[in-house]
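First comes the structure, then the notes that go with it.
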Protein chains: 2
Amino acid sequence: MSDHQRQQQRLEISRHAVRLFREQGVSATSGEQIASAAGVSERTLWRYFRSKESCVEPLLTRTVNAFKDALRSWPPDLELTEHLDVEYTLTPAPSRSDIEAVLAVVRLTRDEPALRAVWLVLHERAEPTFAEVLGERMGLPPDSLEVRIHAASMNTALRVATDDFAWAAAEGIGPEAMDRYRERLSSALRTVLRVPDRAPAHGTERAESGAVPPTHPHDRPRPPRPGA
Amino acid sequence: MSDHQRQQQRLEISRHAVRLFREQGVSATSGEQIASAAGVSERTLWRYFRSKESCVEPLLTRTVNAFKDALRSWPPDLELTEHLDVEYTLTPAPSRSDIEAVLAVVRLTRDEPALRAVWLVLHERAEPTFAEVLGERMGLPPDSLEVRIHAASMNTALRVATDDFAWAAAEGIGPEAMDRYRERLSSALRTVLRVPDRAPAHGTERAESGAVPPTHPHDRPRPPRPGA
DNA sequence: CAACTTTGTGGCAGGGACTGCCATAAATGA
DNA sequence: TCATTTATGGCAGTCCCTGCCACAAAGTTG
């Protein structure tokens, strides 16, 4: 079986899993349900995914992958943000419904610690790739501390911006939402990369800290008693 | 039962869990073992911890907490790195063996995805605190995108530096190792905060990308077949 | 085409993580 | 001292997930 076929299979399962998670919640969705919805036996489901929650991975990865692709095509003579403005559309590969599914999952991660974990792990896994590109740029080895830090920061900026976007676009995504997203992402990357801004300082893109607060009171060790 | 007592109990269990994880590996350690080692019933173990792996949390949190404390005592007239050099000793609260345990766990996270996940989640949970301090500093609301990004970057820098340290100090930690750690952490934070360096640029603290490479080939979807 | 090997899948059994429920003990307070 | 709350243990049960085996599909060699 080709690697590509396997990926497709995983993606297909992922779509079903996410649909069920959205409809019923994660804990109310059993592995058996996912398996039968995807038309495979439960046994093979566990061969494809190590855990119930990791079923969302193939879909979630798409946001990071889109960024990766954009990064790799980053020409040396351009600002990163400028390049992303034209390149990082996120619309090419994934369909509209896929995007909405991804964003829905991101929102789910707020209250589902296990999903949050796969989201974070998934992002971290992308860091070596970022480090490679940045290392190239900076003329430093990709495994040097400095490059790794920058890569991780970039990663983090991407994550925060995406989180933000997921909540801002909670009800439907129009082109203006996408624009807002790119704008926020650019802003985030700029603060990380500290590219000399043409505008004097801040004041335009931040200010109103609008949108839904994507903070995460989520996890906590979950002790029996919340109060005193 | 006081909150503090509960914390102590959790910490105590955590020590046992980590010891067992180090001795036998995570998967070979059962919840029952942890419970009986800690002298509680399995039932109450699950009341204290939502999962086997999260048992390491109370210990792991100490590194982040130490940083939090140092951050909070950051006087307005000092560079952060200078402040940390004297304040962030990490030795005050936790004992030597605790520190070693923490570092061992951090090393374990390389090959134990579940542990890696709690490590990442734990770090992310600290970001609001960082954001509060930074927001204060920057005169911006703690929930503004810019502040959150900076907080997250700081977080990430701390994580990468700690990871690095855990591997560099794999065999015993002397004072020189601690010094190296602080140095690396300072370096990491400097690249994130981009504080104007007194030295012309780089060239002193990075250069040799020494230490053990703390990259993480760890997770991967775990497909049955690695090759073709 | 036939025999053989390789690879993907399903079924079954089982272990272990985790939860709900109830009984009971310990702590708190009047 | 009694009543109430709170922490714990035991037990049963569910579900996630794995090891094993048997079988089918696909590729390889003669």
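We name chains A, B, ... by the order of the sequence lines, and we start the count at 1 in each one. Reckoned from all heavy atoms, side chains included, excluding hydrogens, waters and symmetry mates.
B:S54 comes within contact range of no nucleotide atom at all, as no heavy-atom separation falls under 4.0 Å. Across all strands shown, B:S27 has no heavy atoms under 4.0 Å from either base or sugar-phosphate atoms.
Checked against D:dC16, C:dG11, C:dC18, the side chain of A:S41 finds its nearest nucleotide in C:dG11. Counting only heavy atoms from C-beta on, A:W46 has its side chain closest to D:dC16 among C:dC12, D:dC16, D:dG10. Across D:dC16, D:dC11, C:dG10, the shortest atom-to-atom separation from the side chain of A:T44 is found for C:dG10. For A:R47, the side-chain atoms get nearest to C:dG10 when compared with the rest of C:dT19, D:dG10, C:dG10. Side-chain proximity of B:E42 to the nucleotides D:dA7, C:dC18, D:dG9 is greatest for C:dC18. For B:K52, the listed nucleotide lying nearest its side chain is C:dA17; candidates were D:dC20, C:dC21, C:dA17. For A:V40, the listed nucleotide lying nearest its side chain is C:dG10; candidates were C:dT19, C:dG10, D:dC17. Checking C:dC18, D:dC17, D:dG9 against the side-chain heavy atoms of A:S51 singles out D:dC17 as nearest.
Put simply, the side chain of A:R184 does not reach to within 4.5 Å of the side chain of A:F165, judged on heavy atoms. A:R116 is not listed as a side-chain neighbour of B:L120, based on a closest heavy-atom distance of 4.5 Å or more. Residues A:R182 and A:L185 have side chains not in contact (no heavy-atom distance under 4.5 Å, counting atoms from C-beta outward).
The nearest whole Å value for the distance from the CD atom in B:Q33 to the P atom in C:dG16 is 10 Å. One can place CD of A:E53 at 13 Å from C1' of C:dC18, the figure rounded to the nearest angstrom. In this entry the distance linking CD of A:E32 with P of D:dC15 reads 9 Å, nearest Å. One atom, CZ of A:R43, and another, P of D:dA22, lie 15 Å apart when rounded to the nearest Å. When the P atom of C:dA17 is taken as reference, atom CG of B:L20 falls 12 Å away, rounded to whole Å. If you measure from atom CG of B:L45 to atom P of C:dA17, you get 10 Å, rounded to the nearest angstrom. In this structure, OH of A:Y48 is placed 17 Å from C1' of D:dC17, rounded to the nearest angstrom. Distance CD (B:Q9) to P (C:dA27): 13 Å, rounded to an integer number of Å.
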Does the side-chain contact (heavy atoms from CB on, under 4.5 Å) test come out yes or no for A:W167 and A:V106, once each step is laid out?
CA-CA 8 Å; A:W167 286 102; A:V106 172; 5.5 Å; no

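With hydrogens and angles disregarded, no donor-acceptor distance shorter than 3.5 Å links the side chain of A:N155 to the backbone of A:E127.
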